[in-house]
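Accompanying notes for the structure given below.
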Protein chains: 2
Amino acid sequence: MADRKDVSPPHTRLIAKLEAIGRVTEAEKSALADLPYRLRSFPENADLVRQGDKPPECCLIVEGFVCRYKLLGEGQRQIMSFHLPGDIPDLQSLHLRVMDHSLSALTPVTAAFIPHEALHALTRAFPGIAALFWRDTLIDAAIFREWLAGVGRRTAKARIAHVICEVYLKLRAVHLADDGGFDLPITQVELADALGLSPVHVNRVLQELRADGLIVSKGRFVIISDWERLRAVGDFDASYLHFRSEAA
Amino acid sequence: MADRKDVSPPHTRLIAKLEAIGRVTEAEKSALADLPYRLRSFPENADLVRQGDKPPECCLIVEGFVCRYKLLGEGQRQIMSFHLPGDIPDLQSLHLRVMDHSLSALTPVTAAFIPHEALHALTRAFPGIAALFWRDTLIDAAIFREWLAGVGRRTAKARIAHVICEVYLKLRAVHLADDGGFDLPITQVELADALGLSPVHVNRVLQELRADGLIVSKGRFVIISDWERLRAVGDFDASYLHFRSEAA
DNA sequence: CGTGTTATTGACCAACATCAAACTTAGTGG
DNA sequence: CCACTAAGTTTGATGTTGGTCAATAACACG
């Protein structure tokens, strides 16, 4: 788990993430490394950015888990995505001034805040990076679509299996998981808010998945014991993640 | 309705749409007008682009209604958005080579297919247009998020009211609707597939909305008789559409 | 006038929600 | 090292929204 302190600079995971979705030249890498930033820490449950804000900067997650959510009229919450180190979940604020949702820390989080001007200058100087950033936001959109399909049409069991597959692959892409299992710091309540279910039902379905021998989980630590079957149950096909290897 | 043939050139509604979400200079307008294209017609229900395709061009809808959908494992369909004249629903294919969903004609459709090279050249020459295009895909993503929230957490009644509000505003933005009502060429089956409901239930809820005096509908023609209450029932707040007037 | 699509109805059912309580677990401070 | 606490998980009983199935009615179109 994370007992070893992560001392790598903010941009290393960003580069790993960008390399998972496209090609990055050496010149681009050093430009990314030169980006100015301001580090900030957030305790669990704090908002990094809030619906209605007009942020002058984007946040690059350096450590910890973040979720994107919306509060609805009846006081309910819908979580719309999970983000991990290397992600810039509010990259969209470069072109959409007002946030239409909030970002919240699922664990203690360290984030590097990068001024919009710096990012605009970077994209102007490196069209390749602009294209990659655009591509990244397009992949986010593809993930929203997949979640929409899940919440709209898949059973509770499929939805849960599906999201486990997805997070696992995203973690692998930034070298935060391997076949030995991984740390999934998402409570059942949060899973419920992400999947449009009640926490009670999430709990029951999780037990089914364990009973079926698809996953083993102990606290926040999860092992996928039967990838193929989990994938089948979740109706999971990774192509919507548009990883370089699969998308080509 | 559409008994009057629409003779305006393909780019006029595109410009109207872009102006709804941002500013467009005269130079940019004429560059948009100069874009090469190839017109194609599709009958109701035909796919314009299909999941798995690697299209070399983007399609600008000139006339008719289009939906974006995915087929899931169990043979179910999830519709993920509706598109109307002026939209380029597969703009994302500029940076995501493989389509992860399909586009289908809800009515007979005319679309202008514009080669990727031409669009890339345009965005290179006019960074303002590149930004607008990016912004447009970001707004699409915002709409996916809103739908996700709806399907995840809102009641059937709220979802239906919500989508009627949304389509109405989008139609108004391209001057295809006014307070006198509008043509909504979406069957109840399609609504059901968009909202994650069964057609039977959509029918019943629609009747409730009519009984409550929120809408009047006769065939495909819809009149919103009480915007304020419809909006309240649908928990609708237009800010996620990021129209220029509201987003500022 | 048929004929196919879409809308509507009714009877019945299942997946998942809600409520409320108990149980675990991981921290925290004495 | 052991209470003590708060967060998260698990369980059981019961309720409801919305699904399924199947038949009928309205249209729209040639």
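Lettering of chains follows the sequences in order, A, B, ..., and the numbering in each one begins at 1. Values below: all heavy atoms of this structure, side chains included; hydrogens, waters and symmetry mates excluded.
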Task: Expected output: side-chain B:T107 to main-chain B:E44 donor-acceptor under 3.5 Å - done: no
TODO: In whole angstrom, give the distance that lies between atom CD of A:E44 and atom C1' of D:dA6.
DONE: 12 Å
Open item on the list: Can you tell me which nucleotide in D:dT11, C:dA17, C:dT8 comes closest to the side chain of B:Q207?
Closed with: C:dT8
- [ ] Compare the minimum distances between each of C:dT6, D:dT20, C:dC16 and the side chain of B:V200, then state the nucleotide with the smallest one.
- [x] D:dT20
Open item on the list: What contact category does A:L197 fall into here, base, sugar-phosphate, or nothing, at under 4.0 angstrom with non-hydrogen atoms?
Closed with: sugar-phosphate
Task: Check: A:K70 side chain, B:R145 main-chain N or O, donor-acceptor pair, under 3.5 Å - done: no
Open item on the list: Under 4.0 Å between a side-chain nitrogen and a carboxylate oxygen: does that hold for A:R68 and A:D87?
Closed with: no
TODO: Rounded to the nearest angstrom, tell me the gap between atom CZ in A:R204 and atom P in D:dT11.
DONE: 9 Å
Task: d(CG, B:D193; C1', C:dT6) in whole Å - done: 14 Å
Open item on the list: Heavy-atom nearest nucleotide on DNA chain C for A:K218 versus A:T155: which residue maps closer to 5'?
Closed with: A:T155
Open item on the list: What is the distance, to the nearest angstrom, from the CG atom on B:N45 to the P atom on C:dG4?
Closed with: 16 Å
TODO: Establish, with yes or no, whether the OP1 or OP2 oxygen of C:dT8 is under 4.0 angstrom from a side-chain nitrogen or oxygen of B:N203.
DONE: yes
- [ ] Starting from C1' on D:dG18, measure out to CD1 on B:I160 and report it in whole angstrom.
- [x] 11 Å
- [ ] Specify the separation, in whole Å, of atom CZ of A:R153 and atom P of C:dA15.
- [x] 16 Å
Open item on the list: Considering every strand and a 4.0 Å limit on heavy-atom distances, what is the contact class for B:V205: base, sugar-phosphate, or nothing?
Closed with: nothing
TODO: On DNA chain D, check which nucleotide each of A:R210 and B:V202 is closest to and give me the residue with the more 5' one.
DONE: A:R210
Open item on the list: Of the listed nucleotides (C:dA17, D:dC27, C:dT8), which one gets closest to any side-chain atom of A:S198?
Closed with: C:dA17
TODO: Would you mind reading off the distance between A:H201 atom NE2 and D:dT9 atom P, rounded to a whole angstrom?
DONE: 16 Å
Task: Sub-6.0 Å ring centroid separation between B:H101 and B:F144 - done: no
- [ ] Quickly work out the B:L206 CG to C:dT9 P distance and round it to whole Å.
- [x] 12 Å
- [ ] Among D:dT9, C:dC19, C:dT8, find the nucleotide with the atom closest to the side chain of A:Q188.
- [x] D:dT9
Task: Pairwise 5' ranking along DNA chain C for A:K157 and A:G219, keeping only the more 5' one - done: A:K157
TODO: Nearest 0.5 Å please: distance from the CZ atom of A:R204 over to the CD atom of A:Q188.
DONE: 11.0 Å
- [ ] Choose from D:dC27, D:dG18, D:dA13 the nucleotide whose nearest atom is closest to any side-chain atom of B:R159.
- [x] D:dG18
